Amino acid sequence: MADIETIAAVATPPGLGGVGIVRVSGPLAPEIARAVTGALPSPRTATYRLFRDAENGFIDEGIALYFPCPGSFTGEDVLELQGHGGPVVMDLLLERCLALGARLARPGEFTERAFLNGKLDLVQAEAVADLIESSTALGVRLAGRTLQGDFSRRIQSLVEELVRLRVFIEAALDFPEEEIDFLADSSVAEDLDRAIVMTRQVLDEAHRGQVLREGLVVVIAGAPNVGKSSLLNALSDTDAAIVTPIPGTTRDVLRQDIQIDGLPIRVVDTAGLRETEDPVEREGVRRARRQLDDADLVLLVYDAQKGPDASLTEALPSGIPVVRIRNKIDLIDASPRIEQSESRTEISLSVATGQGLELLRTHLKVRAGLDFGNEGVFIARRRHLDALNRGLQRLLEAQRHLAGRLGPELVAEELLLAQTAFGEITGEVTSEDLLGRIFSSFCIGK
Ligand SMILES: Nc1nc2c(c(=O)[nH]1)N(C=O)[C@@H](CNc1ccc(C(=O)N[C@@H](CCC(=O)O)C(=O)O)cc1)CN2
Ligand SMILES: Nc1nc2c(ncn2[C@@H]2O[C@H](COP(=O)(O)OP(=O)(O)OP(=O)(O)O)[C@@H](O)[C@H]2O)c(=O)[nH]1
Ligand SMILES: [K+]
């Protein structure tokens with residue numbers, strides 16, 4: 001244990017603040033507490049102290065907090081020096097801790113230590129960062145759920161289910177003469193089916209959580225002058241985009257980050273798609289097409305007076321969902337409505353009068369999977385979805401082996417691979433590389 005380094009960092013944001021905190025974690029924390037504040041404060045008790053430099057000179061007066069290991073955020077001895085939030089004060093306090101043997105913490109290193117000491121699993125550690133970075137109140141609530149262990153518990157019960165199955169199958173392997181009975185035992189198939197259903201359910205919830213974390217990228221496309229910029233302005237409640245009756249007004253790509261009931265959406269307005277000789281507009285059209293490739297959803301706007309432009313529909317990249325927006329219904333006296341069939345969705349609205357915009361907002365929530373409340377949704381990342389998907393593929397493979405009577409060894413092997421994939425989510429199975437990638441994206445002092 002002697003080679004564990006003590007780390008220190010300013011935990012509060014840089015700049016001026018009412019209070020600023022220097023946080024220290026590791027075996028030197030008690031010694032640093034004594035040196036800076038005169039004596040070790042009682043555990044977990046806010047203690048008023050003078051913070052002094054090496055010559056016993058004044059650095060600050062503040063509150064010292066000492067958490068003896070393992071009862072701290074990191075699971076190590078932790079000291080907090082809560083001083084006045086000035087950059088020079090914080091610098092002097094930090095420098096003093098470094099001079100006393102601590103080293104500067106890397107970004108995310110406090111949380112990484114909490115993970116390595118078993119205080120948090122990997123999804124919870126990621127949720128700490130997601131909580132801090134949340135841009136909506138809903139995001140905070142859902143990251144909170146993951147931090148409190150909701151997601152981890154779902155993964156744990158999946159893993160437990162697989163362990164139970166494997167124990168059963170491996171026991172059968174030890175008694176080869178009874179293998180036939182094992183293969184005929186329908187409870188194995190039933191348990192496996194149940195694990196697959198559970199995985200799909202977690203995957204579905206995690207997917208919604210991931211959309212909530214990262215938001216939807218919605219690209220507005222269509223011919224010139226159909227009302228694309230007006231739609232961006234209406235959705236974002238700004239006048240970010242220039243609206244004129246002149247076709248070809250928008251040349252550049254415009255983005256607005258909005259939220260609908262907590263769902264973050266990046267709305268992208270693009271130049272009207274048309275063949276043109278104007279080199280500036282032509283570049284705009286080229287950029288518009290590039291945006292389409294990154295979209296989660298395309299709103300293809302057309303003028304209700306003119307009808308959709310078939311050549312545009314064909315020009316859209318395949319595989320990206322499209323909602324057709326039949327705009328300017330005020331000019332033809334039509335009512336707002338949404339029509340949905342297997343092959344397409346079309347919303348009739350008027351950006352000018354606002355009629356039908358609510359239909360569009362609701363539809364965007366439906367697309368994000370937020371239409372039936374957020375119960376059971378927790379913040380998740382692409383990494384988790386990848387692992388869940390890989391696990392699911394292994395389980396489906398196990399199901400095929402079982403149905404094909406290919407022997408319990410293969411089934412057990414696939415179950416183990418699925419378990420390993422799920423273990424990557426909570427961090428039971430990890431690589432240095434993965435940890436490095438996750439924690440280095442945290443802010444300093446976290
Ligand atoms: N001043 C301060 N505020 C903070 C933090 C901090 O480090 N310092 N946090 C830092 O992220 C967050 C709170 N997270 C924390 C998590 C666990 C423990 C802790 O002492 N855990 C002990 C005891 C738990 C208990 O009493 O039930 C433990 O887990 O053993 C402290 C803070 C947000 N606010
Ligand atoms: N009557 C009516 N006019 C609208 C409606 N929506 C937009 N307009 C008008 O249509 C014209 C074009 O609107 P824009 O939002 O600039 O259209 P755009 O598709 O972004 O145009 P480009 O920049 O040329 O691609 C403007 O004069 C708008 O005021 C609507 O619902 N009803
Ligand atoms: K225009």
Side-chain angles (χ1 to χ4, degrees), residues 9 11-12 19-25 43-46 62-83 108 110-115 117-120 124-125 127-129 131-132 144 147-148 220-235 239-254 268-274 276 278 280-281 284-285 288 299-306 309 312 325-334 336 347-357 360 442-443 445-446:
T12 40
V19 176
I21 302 179
V22 170
R23 189 158 56 162
V24 181
S25 180
R44 310 177 63 83
T45 306
I63 301 294
L65 249 181
Y66 172 59
F67 302 82
C69 91
S72 69
F73 173 66
T74 59
E76 303 176 326
D77 286 335
V78 169
L79 171 70
E80 286 188 14
L81 299 170
Q82 310 191 347
F110 288 92
T111 313
E112 182 174 27
R113 289 190 174 194
F115 165 70
N117 292 320
K119 287 282 169 185
L120 300 169
Q124 289 173 308
V128 168
L131 184 65
I132 292 173
L147 181 58
Q148 303 271 290
I220 305 175
N225 238 18
V226 293
K228 297 182 298 299
S229 299
S230 307
L231 182 58
L232 173 80
N233 289 347
L235 286 175
D239 52 6
I242 300 171
V243 173
T244 73
I246 304 160
T249 305
T250 303
R251 267 85 188 293
D252 220 336
V253 175
L254 278 166
V268 184
D269 178 26
T270 59
L273 299 172
R274 65 169 174 183
T276 165
D278 177 343
V280 180
E281 192 183 348
V285 172
L299 299 181
L300 185 64
V301 186
Y302 71 91
D303 187 328
Q305 297 167 297
K306 296 181 183 153
D309 183 337
L312 275 183
I325 303 295
R326 182 168 167 253
N327 187 31
K328 308 196 188 183
I329 53 167
D330 54 297
L331 297 178
I332 57 164
D333 262 337
I347 300 174
S348 299
L349 52 76
S350 163
V351 177
T353 66
Q355 285 177 294
L357 277 175
L360 173 58
F442 278 54
C443 48
K446 192 59 239 174

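Small disclaimer: the values here were computed from a predicted structure and weren't measured. When a ligand or atom number is given, it counts from 1 through the structure's own listing order.
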Using a 4.0 Å heavy-atom cut-off, say whether [X] meets ligand 2 through its side chain, its backbone, both or neither.
{"X": "Leu331", "value": "side chain"}
{"X": "Asn327", "value": "side chain"}
{"X": "Asp330", "value": "side chain"}

Can you list the atoms of ligand 2 that are under 4.0 Å from a heavy atom of [X]?
{"X": "Ser230", "result": "7 (C), 13 (O), 14 (P), 15 (O), 28 (C)"}
{"X": "Pro224", "result": "24 (O), 25 (O)"}
{"X": "Ser229", "result": "15 (O), 18 (P), 20 (O)"}

In the structure I gave you, are the side-chain heavy atoms of [X] and [Y] within less than 4.5 Å of one another anywhere?
{"X": "Leu360", "Y": "Leu235", "answer": "yes"}
{"X": "Asn327", "Y": "Leu231", "answer": "no"}
{"X": "Leu65", "Y": "Leu79", "answer": "no"}

Any non-hydrogen protein atom below 4.0 Å of [atom]?
{"atom": "atom 10 (C) of ligand 1", "value": "yes"}
{"atom": "atom 34 (N) of ligand 1", "value": "no"}
{"atom": "atom 23 (C) of ligand 1", "value": "yes"}

Please say whether Ser350 places an N or O atom under 3.5 Å from an N or O atom belonging to ligand 2. yes
**Message:** Considering both backbone and side-chain atoms of Asn225, is one of its nitrogen or oxygen atoms within less than 3.5 Å of a nitrogen or oxygen in ligand 2?
**Reply:** yes
For Glu80, the side chain to side chain donor-acceptor pair (under 3.5 Å) test, sequence neighbours excluded, returns Gln82
Applying side chain to side chain donor-acceptor pair (under 3.5 Å) to Ser229 and not counting sequence neighbours gives Thr250, Asp269
Is a side-chain N or O of [X] found less than 3.5 angstrom from the main chain of [Y], in a donor-acceptor match?
{"X": "Asn117", "Y": "Lys119", "result": "no"}
{"X": "Thr45", "Y": "Pro43", "result": "yes"}
{"X": "Asp303", "Y": "Val226", "result": "no"}
{"X": "Ser348", "Y": "Arg326", "result": "no"}
{"X": "Arg44", "Y": "Gly71", "result": "yes"}
{"X": "Thr270", "Y": "Ile220", "result": "yes"}

Taking every heavy atom of Ala125 against every heavy atom of Phe442, the minimum-distance pair comes out as O-CZ, 3.2 Å
For Ala9 and Phe110, the nearest pair of non-hydrogen atoms, with its separation, is CB-CE1, 3.9 Å
Identify which of [options] has a heavy atom lying nearest to [atom].
{"atom": "atom 30 (C) of ligand 2", "options": "Ala304, Gly222, Ala352", "result": "Ala352"}
{"atom": "atom 4 (C) of ligand 2", "options": "Gln305, Arg326, Lys328", "result": "Lys328"}
{"atom": "atom 31 (O) of ligand 2", "options": "Val351, Ile329, Leu357", "result": "Val351"}
{"atom": "atom 21 (N) of ligand 1", "options": "Gly75, Ala46, Gly118, Ser72", "result": "Ser72"}

Would you mind running through ligand 1 and noting each atom that sits below 4.0 Å from a heavy atom of [X]?
{"X": "Glu80", "value": "1 (N), 2 (C), 6 (C), 7 (O), 8 (N)"}
{"X": "Lys119", "value": "28 (C), 29 (O), 30 (O)"}
{"X": "Gln82", "value": "1 (N)"}
{"X": "Pro70", "value": "30 (O)"}

Output for pair (Thr353 OG1, Leu357 CG), nearest 0.5 Å, gives 7.5 Å
[atom]: which protein heavy atom is closest, and how many Å away?
{"atom": "atom 18 (C) of ligand 1", "answer": "Phe73 N, 3.8 Å"}
{"atom": "atom 25 (C) of ligand 1", "answer": "Arg44 NH2, 4.2 Å"}
{"atom": "atom 12 (C) of ligand 1", "answer": "Lys446 NZ, 4.7 Å"}
{"atom": "atom 5 (C) of ligand 1", "answer": "Arg23 NH1, 4.5 Å"}

